[in-house]
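See below for the structure under consideration.
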Amino acid sequence: MSAAVARRKKQLLIKKQKAAEAASSGGSATEYDALTVRLNSLLDIPDGTDKAEAETRAYEALQLAQGQVRRYAKQIDGDNAFKLASSITIQLLSRGYIGMANQLSTQMIDAMTETRLTLTDGILDKLCEVDSGYKTALAAITPKTPEEDGTDKAEAETRAYEALQLAQGQVRRYAKQIDGDNAFKLASSITIQLLSRGYIGMANQLSTQMIDAMTETRLTLTDGILDKLCEVDSGYKTALAAITPKTPEEEDEKFRLQKLLMTFLRKAIKYSDDLGTIRYGDMRLHSRLGQCAWDMEEYLEAMMEFALAEENPETVVDLLFQLPKGDNDNAAKGPVSLRDSLLTHGVVIFISLENLRDANSLLRAFVAKDTERDAQKLATNYMMKGKKHPTHVAFCGSLIRICETDAAPLFSWILKSFNVELNRHPDLKPYTAKIGRLYFNIQPPPNMLNMMENMMTMMSAGGGMGGGM
């Protein structure tokens with residue numbers, strides 16, 4: 001052992017002996033009690049006290065407490081350092097002084113560590129009480145809109161940003177402690193409150209950090225968590241609906257904020273795939289992302305999400321029939337209607353997910369609603385000699401029947417006959433390649449393997465297939 005280390009140990013021993021002597025003589029207790037009385041009188045702030053005066057008194061209490069905690073630490077008296085600091089921290093939090101409380105609670109933990117204070121049940125209970133104080137104070141300071149509390153817009157945004165920073169700091173601490181549950185509870189609560197006041201950008205920062213913390217701490221997805229994630233999504237949509245753009249610039253800003261919601265939902269789906277029980281992620285989240293993508297005219301992504309959500313086929317068909325029908329049924333004459341091509345996307349994705357039931361239901365619901373065309377006639381015409389290009393409806397019906405009967409030669413034939421449309425929509429090819437492998441053991445060409453892998457990744461990550469068509 002070096003001489004310097006030996007001297008340091010001797011000094012610590014002397015300090016401990018002096019602290020013990022002071023405690024036994026009652027001097028330390030007297031000093032502690034006197035200081036506690038002084039601090040309590042400073043923090044006993046009457047209602048109606050001027051804001052500046054109240055903050056001055058709180059700051060004076062903070063400085064007194066910090067000075068005494070430093071002295072206790074030097075005396076190797078971690079117990080009194082903890083008692084004093086935790087008591088004043090809780091009082092500061094109860095009065096909403098979170099920044100000051102954070103300074104003192106940080107110093108408190110440092111003093112406890114420096115003095116090697118052993119963790120006890122009593123200390124743990126008090127730390128949990130401090131944590132509860134933080135949560136209560138954070139919930140109370142979440143800012144209102146200027147219309148609600150009379151503050152101007154700049155002040156309201158400043159308060160919102162303060163709440164965001166405090167919440168982000170606490171979520172980081174929870175993540176380091178592998179406490180995903182409390183990280184989620186705090187972040188989701190503050191996110192919802194920020195959204196209720198229209199602060200979508202700030203809410204997105206916190207909700208993104210929330211999902212990262214849940215993933216990092218391996219927090220298992222539960223029904224309660226899922227309900228709260230859906231509540232966050234509803235908060236986003238309510239806040240977006242309240243925006244009424246009047247200029248092109250405001251339209252662009254609303255579009256950007258809508259994109260933030262899609263990003264949040266994709267991360268939530270990826271989390272639910274990693275730590276939930278459903279392959280590709282929870283269906284409720286897929287359904288919500290599908291509707292969001294549809295509203296933004298990201299139709300290809302919407303159809304994929306509806307398929308992954310096993311959305312009610314009649315609901316999907318109702319959406320499809322909101323689109324123009326188009327004048328062209330035959331791919332040989334040029335691009336067909338968006339409505340028909342999206343039907344094909346939905347059917348092909350359902351089949352690639354080995355969900356022939358919903359593929360059938362989607363096609364039947366579409367045909368039942370399409371009263372202007374005779375599906376039987378379309379199919380008959382397609383099978384006639386010289387008809388080389390099926391309509392989308394006929395293709396979907398034929399593909400479903402072929403997959404049900406395990407007819408590999410017919411599968412190759414139907415794809416070849418539909419090649420014009422497949423070339424117009426190359427995003428369909430990874431799905432048809434997967435169908436060939438699953439149902440007919442037809443191995444995809446090497447250049448298709450990466451596309452199939454990307455397709456599977458997009459499904460589990462809630463990723464898009466591209467923009468609208």
Side-chain angles (χ1 to χ4, degrees), residues 259 262-263 265-266 269-270 280-281 286-287 289-311 313 316-317 319-320 323-324 326 328 331-332 334-355 358-359 362-363 366 389-396 398-400 403 411-412 414-439 442-469:
K259 283 285 191 182
M262 292 185 71
T263 300
L265 287 171
R266 287 171 185 150
I269 288 170
K270 180 65 168 64
Y280 302 131
H286 278 297
S287 178
L289 179 54
Q291 186 60 60
C292 183
W294 187 273
D295 292 342
M296 295 184 67
E297 299 183 4
E298 301 281 352
Y299 297 126
L300 297 182
E301 179 169 1
M303 294 305 294
M304 182 179 75
E305 296 303 326
F306 290 147
L308 290 165
E310 297 185 9
E311 193 69 63
V316 178
V317 168
L319 290 172
L320 290 175
L323 300 172
N328 180 32
V336 299
S337 70
L338 176 59
R339 179 196 295 178
D340 284 12
S341 59
L342 287 175
L343 166 69
T344 300
H345 278 80
V347 168
V348 168
I349 295 170
F350 271 130
I351 297 174
S352 72
L353 293 170
E354 300 180 78
N355 187 352
D358 285 338
L362 180 62
L363 179 60
F366 187 93
H389 300 283
T391 65
H392 279 255
V393 173
F395 170 77
C396 290
S398 299
L399 182 61
I400 292 171
C403 290
F411 175 73
S412 299
I414 192 69
L415 292 187
K416 184 178 179 180
S417 67
F418 201 60
N419 196 50
V420 172
E421 279 296 271
L422 291 176
N423 287 334
R424 287 194 180 119
H425 302 288
D427 50 279
L428 285 172
K429 292 186 177 181
Y431 294 98
T432 57
K434 184 184 177 186
I435 291 170
R437 188 179 66 178
L438 285 174
Y439 293 85
I442 299 174
Q443 296 304 311
N447 64 346
M448 189 59 64
L449 292 175
N450 285 338
M451 294 179 67
M452 291 178 64
E453 290 175 2
N454 291 337
M455 175 192 72
M456 302 299 289
T457 300
M458 286 191 297
M459 286 182 172
S460 61
M465 296 169 62
M469 298 178 62

* To do: To the nearest 0.5 Å, tell me how far L428 CG sits from T344 OG1.
  => 7.0 Å
* To do: Provide the closest heavy-atom pair for L438 versus S352 in the form atom of the first, atom of the second, distance.
  => CD1-O, 3.4 Å
* Asked: Can you tell if the side chain of R339 reaches within under 4.5 Å of the side chain of H392, non-hydrogen atoms only?
  -> no
* Taking H286 for its side chain and Y280 for its backbone only, find out whether a donor-acceptor pair lies under 3.5 Å. => yes
* Asked: Any side-chain heavy-atom pair from D340 and F366 closer than 4.5 angstrom?
  -> yes
* Beyond-backbone contact of L362 with C396, side-chain heavy atoms, under 4.5 angstrom -> no
* **Exercise: identify the closest heavy-atom pair between A302 and G290** => CB-O, 3.4 Å
* Using a 4.5 Å cut-off on heavy atoms from C-beta on, say whether the side chain of Y299 contacts that of L323. => yes
* Structure fact -> Smallest heavy-atom separation, S341 atom then H425 atom, equals CB-NE2, 3.8 Å
* For F350, which of N355, L363, I400 qualifies under side-chain contact (heavy atoms from CB on, under 4.5 Å)? -> N355
* To do: Mind telling me whether F418 and F395 have parallel, tilted or perpendicular rings, with 30° and 60° as the class edges?
  => parallel
* **Beyond-backbone contact of D295 with Q291, side-chain heavy atoms, under 4.5 angstrom** => yes
* Taking C-beta and beyond as the side chain, do L265 and E305 meet within less than 4.5 Å on heavy atoms? -> no
* Asked: How long is the span from the CG atom in L415 to the OG1 atom in T432, to the nearest 0.5 Å?
  -> 5.5 Å
* side chain to side chain contact (heavy atoms under 4.5 Å, CB included) between L342 and W294, worked out -> CA-CA 12 Å; L342 287 175; W294 187 273; 4.2 Å; yes
* Asked: Nearest 0.5 Å, what's the CG-CG distance between L289 and L308?
  -> 9.5 Å
* Using atom types as modelled and distance alone, determine if a side-chain donor or acceptor of Y439 lies under 3.5 Å from a backbone N or O of F411. => no
* Can you name the closest pair of heavy atoms from A309 and S287 and give their distance? -> CB-N, 3.5 Å
* Asked: What is the distance from atom CE of M303 to atom CG of D427, rounded to the nearest 0.5 Å?
  -> 12.0 Å
* Asked: Going by heavy atoms in the side chains, are M262 and E301 under 4.5 Å from each other?
  -> yes
* **Student check: side-chain heavy atoms of Y431 and M304 closer than 4.5 Å** => yes
